[in-house]
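Contents: one structure, followed by commentary.
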Number of protein chains: 2
Amino acid sequence: MLRAVDKHSGIPAYLQIMNIIKKEIMIGNLKEQDQLPPVRELQKTFNVNVNTVMRALERLQMEGILEAQHGVGYFIKESKMIKPEVIEILEKSVKELKEAGIDLNTTILILEEVWRNVK
Amino acid sequence: MLRAVDKHSGIPAYLQIMNIIKKEIMIGNLKEQDQLPPVRELQKTFNVNVNTVMRALERLQMEGILEAQHGVGYFIKESKMIKPEVIEILEKSVKELKEAGIDLNTTILILEEVWRNVK
DNA sequence: TTTTGTGTTATAGTTAATTAGTACACTAAT
DNA sequence: ATTAGTGTACTAATTAACTATAACACAAAA
């Protein structure tokens, strides 16, 4: 479910962690009021320092996504799960793109460009 | 065509520059043997220091995408343009996603997840 | 040969991200 | 009251990214 961070991607670890957690919420693996694993466990899972975990969680708090309870744990505060239709739209495209031999990075670059141009 | 870098995204500027140039190549705005604008101009366009431009261009050289000619300029060495069909696949999805009220960041997060799961 | 336009290199300083290590603070169960 | 499990805070040090500034090196045209 939760995976380690990629330390060679150039993307700051705390950003990656934020995104991983957001993703888990969006696909429904984490729902409102669910408790996160303890920070000392997250630290091992993501393979980073506690402070880095804290930075990620603090920012997710600021975004209203998490809530901290001192001495207890971190909880999902706001969770808007993505509709299955949305996943399906992407699944269809991804299949076609993979068949065309396109890789993920290329797809993201083109996607950003297309996003800007489509009305 | 070329846009300034987003200094608040958390993504290192040199990575953003690399991606912008790759994107221009993929959509066909830059073709093999085309010359890039001079580094002192790129510096202004991207709103960064020369050294940061250099770092991006050096790495693109290492990836075999650019070639430097001292005293002359930077040239596109390898350019594989994306097929229009691929763009169309994404355009169709993007339209649907926008209509569903999904934003770009969310799309990218879900896309990465879907990419991992689709065979 | 000089000038202009280009890439290249180097130094010094700043800031952000990350780590290690330690200690403290709150909560709930015993 | 104690303990175990949790979050929180702080200091010190390291590294990567970035900036400003300046100088140097090569190529082509005047």
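Note that the structure is a prediction, hence the values are computed from the model and not measured. We name chains A, B, ... by the order of the sequence lines, and we start the count at 1 in each one.
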Could you tell me whether the side chain of [X] and the main chain of [Y] form a donor-acceptor pair under 3.5 Å?
X	Y	answer
A:Lys98	A:Leu104	no
B:Gln16	B:Asp6	yes
A:Gln35	A:Val72	yes

Any B:Tyr74 side-chain N or O less than 4.0 Å from OP1/OP2 of C:dG5: no
Side-chain N or O of A:Thr52 closer than 4.0 Å to phosphate OP1/OP2 of C:dA17: no
Interatomic distance where [atom1] belongs to [X] and [atom2] belongs to [N] [whole Å]:
X	N	atom1	atom2	value
A:Tyr14	C:dT18	OH	P	7 Å
B:Lys44	C:dG5	NZ	C1'	12 Å
B:Gln43	C:dG5	CD	P	16 Å
B:Arg55	C:dT8	CZ	P	15 Å
A:Phe46	C:dT19	CZ	C1'	17 Å
B:Lys7	C:dT15	NZ	C1'	13 Å
A:Leu15	C:dA16	CG	P	14 Å
B:Leu36	C:dG7	CG	P	9 Å

Toward the 5' end of DNA chain D, by each residue's nearest nucleotide, B:Asn51 or A:Gln61: A:Gln61
Ionic contact status for B:Glu32 with B:Lys77, cut-off 4.0 Å: no
Salt-bridge criterion met for A:Glu113 and A:Arg116 (N-O under 4.0 Å): yes
Listing time: all N or O pairs from protein to nucleotides 22-30 of chain C that are below 3.5 Å?
unit_1	atom_1	unit_2	atom_2	d
C:dA25	N3	A:His70	NE2	3.3

Atom NZ of A:Lys92 with >12 non-hydrogen neighbours under 6.0 angstrom: no
B:Val5 and its side-chain contact (heavy atoms from CB on, under 4.5 Å) partner, picked from B:Ile11, B:Asn19, B:Thr45, B:Ile17: B:Ile17
Contact interval (first through last nucleotide) of DNA chain D with protein chain A, 4.0 Å heavy-atom: D:dG5 to D:dC10
Donor-acceptor pair between A:Asn105 and A:Asp103 side chains, under 3.5 angstrom: no
B:Ile82 and A:Ile102: CA distance, side-chain angles, deciding distance, side chain to side chain contact (heavy atoms under 4.5 Å, CB included) verdict: CA-CA 9 Å; B:Ile82 285 301; A:Ile102 310 294; 4.1 Å; yes
Donor-acceptor pair (no angle test) under 3.5 Å: A:Asn49 side chain, C:dA17 base: no
